[in-house]
Structures are given as structure tokens and as C-alpha cells.
Amino acid sequence: MAKLLCIPSLLLFIFLVSLNINISSAKTSYNVLTYGARPNGKTDSTQAFLDAWTAACGSTGPTMIYIPKGRYLLGSVAFTGGNCKSPDITIRIDGTLIAPEDYRILGLARNWLSFEGVSGVSIVGGALDAKGSPLWDCKSKGRNCPAGATTLSFVNSNNIKIDGLLSLNSQMFHIVINGCQNVKVQGVRVIAAGDSPNTDGIHVQLSTDVAIMNSSIKTGDDCISIGPGTKNLWIERVRCGPGHGISIGSLAKTMDEPGVQNVTVKSTIFTGTTNGFRIKSWARHSTGFVQAIRFIGATMINVQNPIIIDQNYCPHNLNCPNQVSGIQISDVMYQGIRGTSATPVAIKFDCSFKYPCKGIRLQNVNLTYFNKEAQSTCTNAIGKTYGQVQPDNCL
């Protein structure tokens with residue numbers, strides 16, 4: 001009988017221990033409504049969000065900034081980590097953050113929502129509506145327009161997560177990861193018009209150990225753009241289109257430029273994009289390089305340039321440097337890529353005369369042009385093919 005009584009006592013002890021663990025790991029919550037935010041889409045809640053951030057930063061334990069359902073009007077705001085004590089700040093968004101109606105207010109700022117020098121910050125859920133279309137319209141008419149703002153940027157930050165976020169109609173880039181380490185982006189949706197200018201979905205540069213997964217990007221520029229100094233980037237299960245594809249570059253903007261290395265892109269789908277996988281550099285001298293790149297398992301649906309290396313990049317042929325690209329491209333693999341090209345040339349390697357592309361590998365590639373054989377063109381490109389490769393190899 002005594003042994004039987006011990007069993008429920010043991011279960012109770014285990015239950016109490018588990019409660020203690022949950023309690024001790026609970027995050028202190030800071031509701032933006034407490035600090036004066038109004039979910040009506042009309043009252044400027046910028047200061048309330050800053051005050052909630054300051055309070056969360058001041059805590060020595062894990063914290064959560066909670067944004068309930070509703071629409072919150074925010075101007076340009078920078079969340080800085082210089083005085084943060086909390087090692088773990090989760091920003092839970094159940095509502096929508098909206099930009100001012102007058103595009104000039106944000107247009108003169110570089111960023112709408114920026115995080116600078118932070119560590120252990122997670123953004124979960126929610127929507128960011130930057131209301132960028134009036135600025136796009138201004139630019140299309142050639143008026144004297146401001147450059148525009150990036151919607152969400154992380155600069156010089158570590159251990160960052162962005163999960164389940166929706167970014168709508170950014171004035172410029174939607175999400176920028178610059179000078180960061182250990183960043184995970186997943187379940188993100190980006191939506192902007194196919195003709196919206198300079199609205200890259202996700203831009204990564206000068207960053208290490210970044211993962212972008214299970215995301216959908218529809219925009220007017222690169223779905224994902226990869227800038228100088230990117231190392232150990234993993235991209236998987238991303239849908240792109242409309243947009244300009246997944247691009248490394250543009251590179252060779254400056255003479256002294258860090259390289260791009262160890263980039264893997266897996267299981268992607270491109271629909272109606274101008275490019276699929278693109279590496280682009282200006283035709284000017286540079287110390288930069290591109291190496292150890294893996295493009296694996298992609299479906300191209302009516303893509304204008306499914307596979308392209310362009311080392312004479314010069315959009316609209318304006319102010320072209322007309323030099324020789326100094327970017328050295330090597331060890332690039334294209335494997336398991338299939339689908340349809342919207343133009344006769346499905347594979348184009350236009351490499352530097354001074355530094356030819358080396359170690360290019362095509363393996364099991366099948367690209368057609370309106371149910372006909374597509375073409376490939378190679379200039380200053382050295383490499384091999386493995387398995388079945390269509391269009392016929394020009395390497």
C-alpha cells in the first residue's frame with residue numbers, strides 16, 4: 001500500500017518541478033499599449049514602441065514586447081542595443097505596423113524599422129505595411145523623389161530570428177541583414193508589385209552564418225540579393241516570382257571589396273522571373289571574389305535567364321565603367337535544375353577576360369525553350385558537365 005502511495009507523490013513532484021522550470025524560464029512581457037500605443041492606425045505610436053523597447057532592454061532576463069491586434073502607425077525608428085541587458089528579446093506582433101501616408105516622411109530616411117548592435121532579438125509574426133506604391137509612382141514619372149527607406153534592417157547584430165513576418169510594399173529593400181552573425185529567417189512573405197523599383201526582398205551583406213528558409217518572395221527586384229562579405233549562407237525552400245531571381249551581386253562597386261563564399265541554395269522555385277540564379281559584377285577592377293557556391297534542386301517556370309553569370313553588369317547601359325571585372329569566380333555548381341526558359345538562351349556565362357570563371361560545374365540540368373532545345377553561351381568560362389545537361393554544353 002505504501003508503494004502505491006509513492007507513485008502519485010512522485011508524479012506530483014515531477015509536475016511541480018516542471019512548473020518551476022516553466023516559471024523560471026518565463027519571459028517578462030511589455031505590452032506596447034501600456035506605453036501609449038494606439039491600434040487605430042492614426043495615432044503615432046513611435047515613442048510608445050521605443051519606450052517598450054527601453055523597458056525590455058533594461059531587464060536582465062528574457063523579455064517579450066507584445067503588439068496586440070490592430071494597426072499601429074510608426075515613423076522611422078531605430079532600436080539600439082548599446083544599453084541592453086536582456087539576452088533574449090522576442091517581439092511578438094499580432095497586429096500590423098503601418099507607415100505614414102506621406103511617402104516623403106519615410107522616403108528621406110534610410111530605414112523605417114532598424115535594429116542596430118542588438119543580440120538575441122526575435123521578431124515573430126505580424127505584418128509591416130510600408131505603403132511604398134506612391135513613391136514607386138513618383139519614381140516612374142521621373143520626378144524629384146526621395147530615395148526611399150528599407151523596411152526592416154539589422155546592422156552589426158548577432159543571434160537574430162525573423163519568423164512568420166509579412167512585408168508589404170516596401171519603399172526600397174524589404175529586409176536587410178548587414179554586418180550580422182547567426183541569423184535565421186523563416187516563414188517570411190514579401191509582397192510588392194513586379195515593377196516596383198529597388199524593392200529587393202532580402203539583402204545580405206558582410207554577414208556570416210545566415211539561413212533563409214520556407215519563404216515566399218514576390219517583388220520588383222531581386223528576391224534575394226547577396227552582397228560582398230557574405231559567408232556561410234544557406235537558402236532553402238524559397239519561392240521567387242515576380243522578381244529578378246536570386247543574385248550574388250552586384251559586385252565590384254569598389255576596389256577593396258570582401259568576397260562571397262560558401263553559399264548554398266536548395267529546393268527553390270522561380271516563376272516568371274527575369275533571372276533564376278545570377279552572379280553579377282560591374283566591369284571594373286576589384287579585389288573581390290566568389291567561391292564555393294552551390295545551386296541545387298531548382299524549378300524554373302518561364303524564367304528569362306535561368307542560369308547567368310554577367311561580369312559586364314550595367315543596368316540600362318548608363319555610366320558603364322567599360323573596364324575588366326576584377327571579381328574572380330570559382331567553384332560554382334549547378335545541380336538538378338529543370339524547367340523552362342522564356343528566352344532562347346537558358347545558360348549564359350559572360351565572364352571576365354582577365355579572370356575567367358573557373359570550376360564551373362553543370363550536373364543534371366534540363367532547361368527548354370517553349371518545348372524546344374534552348375541554347376547556351378560561354379565567354380571566358382572554364383568547367384565541366386556531369387550527367388545529362390540540356391541545353392548542350394558550351395564550356
Side-chain angles (χ1 to χ4, degrees), residues 29-58 63-84 89-118 121-136 138 146-155 157 160-178 185 188-192 196 199 201-203:
S29 182
Y30 299 87
N31 191 319
V32 294
L33 299 182
T34 304
Y35 296 88
R38 295 292 176 262
N40 56 21
K42 298 178 181 179
T43 305
D44 188 341
S45 296
T46 306
Q47 189 59 50
F49 275 62
L50 275 173
D51 290 345
W53 170 262
T54 301
C57 276
T63 58
M64 180 177 72
I65 298 172
Y66 180 57
I67 303 164
K69 291 181 180 180
R71 295 172 65 81
Y72 300 85
L73 175 63
L74 290 182
S76 176
V77 57
F79 301 99
T80 58
N83 296 319
C84 269
I89 302 176
T90 297
I91 302 174
R92 172 74 201 192
I93 308 175
D94 284 344
T96 299
L97 312 187
I98 63 172
E101 291 288 344
D102 185 350
Y103 66 82
R104 291 169 295 188
I105 295 175
L106 280 191
L108 295 172
R110 293 188 63 183
N111 300 292
W112 179 22
L113 309 172
S114 64
F115 292 82
E116 302 169 8
V118 302
V121 171
S122 301
I123 297 178
V124 180
L128 309 178
D129 185 355
K131 298 183 178 294
S133 55
L135 178 58
W136 311 337
C138 175
T150 290
T151 289
L152 175 65
S153 72
F154 280 89
V155 180
S157 299
I160 304 302
K161 294 181 182 178
I162 304 172
D163 188 355
L165 180 71
L166 168 63
S167 178
L168 290 169
N169 299 327
S170 184
Q171 289 189 344
M172 287 277 284
F173 292 14
H174 286 259
I175 299 172
V176 168
I177 308 298
N178 181 11
V185 179
V188 163
R189 288 184 298 150
V190 168
I191 300 175
S196 55
T199 53
I202 302 173
H203 177 73

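Expressed to the nearest 0.5 Å, how far NE2 of His203 lies from CD1 of Ile175 amounts to 13.0 Å. Atom CG of Leu113 and atom CD1 of Ile91 lie 9.0 Å apart (nearest 0.5 Å). Remark: Trp112 CH2 to Thr151 OG1 distance equals 6.0 Å, nearest 0.5 Å. Atom-to-atom distance recorded for Glu101:CD and Lys42:NZ is 10.5 Å, nearest 0.5 angstrom. Once rounded to the nearest 0.5 Å, the distance linking CG of Asn169 with CD of Gln171 reads 10.5 Å.
Residue His174 comes nearest to Leu168 through the heavy atom pair CE1-C, 4.2 Å, listed as atom of the first residue, atom of the second, then distance. Across all their heavy atoms, Ser114 and Asn111 have their closest contact at CB-CB, 3.9 Å. Closest heavy-atom contact between Met172 and Gly148: CG-C, 3.5 Å. Heavy atoms only, all atoms of each residue included: Thr80 and Cys57 are closest at O-SG, 4.3 Å. Taking both residues in full, the closest heavy atoms of Leu108 and Pro146 are given as CD2-CB, 3.8 Å, listed atom of the first, atom of the second, then distance. In plain terms, the two heavy atoms of Leu135 and Ala147 that are nearest each other are CD2-O, 4.1 Å.
Here Tyr66 pairs with Asp94 under the side chain to side chain donor-acceptor pair (under 3.5 Å) rule; sequence neighbours left out. For Arg71, the side-chain contact (heavy atoms from CB on, under 4.5 Å) test picks out Thr96, Ile98, Asp129, Lys131, with sequence neighbours left out.
The shortest side-chain heavy-atom distance between Val121 and Phe79 does not fall under the 4.5 Å cut-off. When side chains are defined from C-beta on, Asn31 counts as touching Pro68, because their heavy atoms get closer than 4.5 Å. Counting heavy atoms from C-beta on, the side chains of Val188 and Ser167 never come closer than 4.5 Å. Looking at Ile67 and Phe49, their side chains come closer than 4.5 Å, going by heavy atoms from C-beta outward.
Between the side chain of Thr150 and the main chain of Leu152, no donor-acceptor pair closer than 3.5 Å is present. The backbone N or O of Ile89 sits nowhere less than 3.5 Å from a side-chain atom of Thr63 that would complete a donor-acceptor pair. Between the Ser157 side chain and the Val118 main chain, a donor and an acceptor come within less than 3.5 Å of each other. With hydrogens and angles disregarded, no donor-acceptor distance shorter than 3.5 Å links the side chain of Glu116 to the backbone of Val155. Side-chain atoms of Trp136 come within 3.5 Å of backbone atoms of Ser170 as a donor-acceptor pair (strictly under, hydrogens ignored).
Only one option out of Leu73, Asp51, Val77 pairs with Thr46 in a side-chain contact (heavy atoms from CB on, under 4.5 Å); it is Val77. When each of Leu33, Val32, Leu74 is paired with Ser45, the side-chain contact (heavy atoms from CB on, under 4.5 Å) condition holds for Leu74 and for no other.
More than 12 heavy atoms of other residues, nucleotides or ligands sit less than 6.0 Å from atom CG of Asp102. Counted within 6.0 Å of CZ on Arg92, heavy atoms from surrounding residues, nucleotides or ligands total more than 12; the atom is thus considered enclosed.
Ring geometry for Phe154 versus Phe115: interplanar angle under 30°, hence parallel rather than tilted (30 to 60°).
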Exercise. Test side chain to side chain contact (heavy atoms under 4.5 Å, CB included) on Trp53 and Cys84 and set out the steps.
Key: CA-CA 9 Å; Trp53 170 262; Cys84 269; 3.9 Å; yes

